Amino acid sequence: MPAAAPARPGPRRRKRVRRPSPQRRIELILIGCLVLLSLVGGRLVQLQGLDRTAYAAMAQKQRLHTVALTAPRGPILDRDGQPLAETVDARDIYADPHKVVDAAAESGRLAPLLGVDAATLQTQMQQNTTFVYLSRAVTPQVSTQVIDLKLPGIGVLPATKRIYPAGPLASNVVGFANADGAGLAGLEYSFQKLLSGSNGERTFETGLSGSPIPDGHDILRPAVPGTGLKLTIQRDIQWKAQQAITAQVHALHADSGTVIVMDPSSGQLLALAVSPGFDPNDPSKSPISAFGDPAVSDVYEPGSVNKVITISAALQERLVTPNSPFTIPPTLRDAGFTFNDAEVHGTERLTLTGVLAKSSNIGTIEVARKLGAARLYHYLRAYGFGQPTGVGLPGDGTGLLPRLSNWTASTLPTASFGQGVGVTALQVASVYATIANGGVRVTPNLIAGTVDENGALKPAAAPEQHRVINASVAKQVRDMLEAVTTNDGTAPLARIPGYRIAGKTGTAQRPNSHGGYSGYTASFVGFAPADAPKLLVEVVLQNPRTGHFGGLVAAPVFHDVMSFALQTLKIPPTGTRPPVARLTW
Amino acid sequence: MTALAAGQPRTRPAEAPHRPSLRLVATRPLVAGRLPFVLLVGGILALGLIVLLLLHTMAAQDAFRLQTLERAAASLSDTRQQLALAEQQRQSPDALAAQARALGMVPTGSIAFVRLHRHHRIVGVVRAAAAPPPPPATASPAAHQRAQQPTQKNAHTAAGKPVHKVSPPHRRGSPPPHG
């Protein structure tokens, strides 16, 4: 440039020629070139220097592809490892309505494959959006057929599906999860966090065809699979219990029914059956009310099954013995109420065993008077009333046990034979399991442990336990309960030939929403073998219309379920003779 | 420099024949060695390029193959899941019970065990199971009883001798009243 400066006067001198000198022309061209070059250079600096990251990111974005990796939900297994809930691969079918060419024709072809109404599909395909699910979690076979149709605007996404291979089996316990992997009922709900795991993703560069570029950018954040649950439920016993209670609920036109099968020494629940249940594979067919588990959430008045608490407490406190004599009048007035027994009778002379075997309300009130409110309340609490069972199911109820300070004069006599207090079926089962287990209450439990993706079991923590009554008292009560299933007791129908069976019937009035009573709760809870209890079965029927005595309507179900469970678990009879019980004096 | 080196030896042999021909020998390979060296480098470059191309092609091919195989694996895994599911459904207690009923089997009404380790005794009560309910079409009471008769006989024969070896406290059809 400095060289060009002295040349400037030149053109001025030759102005009249009106022709720029070649030198001047070259200079102009040079300047023009330099300007152009600097523009290009500037642009280059702008692109490569200043905006570099943005453009590089844009370029990479064109090649980068992110795929969400769905974490498989953990399975729920029965005690033998049979699946009650598991996750399989599935596909979601979606439409991009903007790319759909002929909604009417396409929906017509898709409808039979997806099992959805063609009109519904067509409306979905005509929405003003770029994405709409047409059908979720269809089988891979269906999705292949959809892909083969090659319909414009219809796509397939990988998905997973929660399936329940055993159908309604234990659905009240297992619950169900929706298409987005959210547990909505049962253990699927209460163990959502554990079961769901966490999703991952893979980000990688792809070529035009969509296949990954080798050695390209590839970042993998693997999905963490959900942890599985192993339950203490035994599938076959659960099935039998569900079948038996469903049949009885239908036969008696009852509102609902519950069967609990439990191992008293470990507190493990082998079956927790309710009727009516629901099909977790298609929960939309059932009302929302069916999704709970009445065995832990339904509160009812237990009735005579409660007498065992009063009587075992009196035995433990050494106030009575199994042969203590009681004189039972036809009716008894206490706290302004008149109490009578289920059967009309004259004045009877019953032993304590007789009071329990014949389920005498009046006799139990006499025992309760010796015991007093404070001690009865203490034992009701010790047996687990008024607190959740801790079994791990949603809606685990506390029942309704009024605080001792709120007890009125009529609470002691009514609570002694199971009216005026509310319990759940599982709480009652736990009382009898305590007696069967020699007086030690083991918290009922349902979860045997967690299972990782390789199937390795991590056992659950041992359930809590505490002693409620002495082993000798528990044995006395067991012998007394055996008298219940004799011909003189209230439940001869519960007997299983060859086995010694102990149990107790319950026939309680059902409180209604108007503050009064209507209908009955019929129940039977028992264990076998009576002298070395291995299994406990409880049957509760709510509001049976034809017949309502626990010994007549619940005991046959007990018999069927207990027989099946004894066979399934191969529990032989003990071969001992039952003690000769004195019911009268 | 090459021209100089090539030119010098031609004039020198006349002047000093005793001079060693070391230079001549030394320079010739230099001239001749150029081409092979260029060829060698070029060859290595070309080979490298070809190998690189081949490797890339193979990698790309592998990527395609991987994709195809992954698809096949996914499809096979789908099939496996489908079959496993079908098997599980057939194994479910409900399906097994239905199958058993279809074969004419009935649940047992009594429970008995053979004790192998002591005296080979039978514990429990052995009793023939009740006949399965006849099809509803022929469900008259008389037909029901006639249908029941042979089944019970069969059951006794099947159970055989042990029926009479039932342990004494439990040897009867109906249990004694307890207490």
Side-chain angles (χ1 to χ4, degrees), chain A residues 82-83 86 88-89 139-141 143-144 158 163 165-169 207 209-215 235-240 243 353 357 479 482-483 485-489 492 495-501 530 560 563-564 566-567 570-583, chain B residues 55-68 70-71 74-82 84-97 107-115 118 121-127 166-179:
Chain A
Q82 300 283 356
E86 60 182 346
V88 296
D89 289 334
T139 63
Q141 283 74 10
S143 90
T144 315
I163 51 157
L169 194 78
S209 67
S211 58
I213 296 174
D215 298 330
R235 202 166 67 147
D236 296 335
I237 298 175
Q238 173 77 26
W239 169 78
K240 179 65 188 181
Q243 209 205 25
T353 307
D479 288 346
E482 217 175 330
T485 60
T486 61
N487 285 340
D488 295 332
R495 271 184 306 203
I496 298 168
Y499 285 86
R500 289 175 60 180
I501 308 281
D560 288 356
S563 304
F564 186 89
L566 288 170
Q567 279 177 31
K570 302 187 177 68
I571 299 169
T574 46
T576 51
R577 284 180 157 279
V580 180
R582 280 183 54 202
L583 304 188
Chain B
L55 280 175
H56 264 90
T57 316
M58 273 165 67
Q61 264 179 345
D62 281 353
F64 283 122
R65 217 169 131 240
L66 185 70
Q67 207 184 11
T68 324
E70 269 173 359
R71 260 189 220 139
S75 154
L76 286 174
S77 143
D78 285 343
T79 316
R80 192 194 65 83
Q81 270 187 354
Q82 199 75 14
L85 192 65
E87 188 214 353
Q88 272 165 21
Q89 274 158 356
R90 286 171 69 94
Q91 275 185 2
S92 74
D94 217 21
L96 283 179
T108 56
S110 62
I111 315 167
F113 296 84
V114 180
R115 185 168 278 157
R118 252 193 340 211
R121 232 164 39 117
I122 287 187
V123 287
V125 174
V126 182
R127 230 193 303 166
V166 172
S167 56
H170 309 297
R171 188 204 292 163
R172 69 284 176 268
S174 61
H178 294 211

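Letters A, B, ... mirror the listed sequences (proteins, then strands); counts begin at 1. Keep in mind that the numbers below use all heavy atoms, side chains included, and drop hydrogens, waters and symmetry copies. Just so we're clear, the structure is a prediction, and the values are computed from it rather than from any experiment.
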| side chain to side chain contact (heavy atoms under 4.5 Å, CB included) between A/Q82 and B/Q88, worked out | CA-CA 9 Å; A/Q82 300 283 356; B/Q88 272 165 21; 5.6 Å; no

| Test log, rule side chain to side chain contact (heavy atoms under 4.5 Å, CB included), inputs A/I496 and B/I111 | CA-CA 8 Å; A/I496 298 168; B/I111 315 167; 4.0 Å; yes

| request: Carefully, step by step, assess A/D560 and A/Q243 under the rule side chain to side chain contact (heavy atoms under 4.5 Å, CB included). | output: CA-CA 10 Å; A/D560 288 356; A/Q243 209 205 25; over 6 Å; no

| task | Quick one: do A/Y499 and A/L566 satisfy side chain to side chain contact (heavy atoms under 4.5 Å, CB included)? Show the steps, please. | result | CA-CA 10 Å; A/Y499 285 86; A/L566 288 170; 3.7 Å; yes

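Proximity to chain A is limited to the side chain of B/Q82, based on heavy atoms less than 4.5 angstrom apart. The contact between B/T108 and chain A is made by backbone and side chain atoms together, counting heavy-atom distances below 4.5 Å. Looking at A/P83, the atoms closer than 4.5 Å to chain B (heavy atoms on both sides) all sit in the side chain, from C-beta outward. With a threshold of 4.5 angstrom between heavy atoms, A/I571 approaches chain B through N, CA, C or O but not through any side-chain atom.
Of all heavy-atom pairs between B/S92 and A/A166, the closest is CB-CA, 4.4 Å.
Ranked by heavy-atom pairs under 4.5 Å with chain B, the first of A/K570, A/R582, A/K240, A/Q238 is A/K570. Options A/V88, A/T144, A/T139, A/I163 differ in how many heavy-atom pairs under 4.5 Å they form with chain B, and the most are formed by A/V88.
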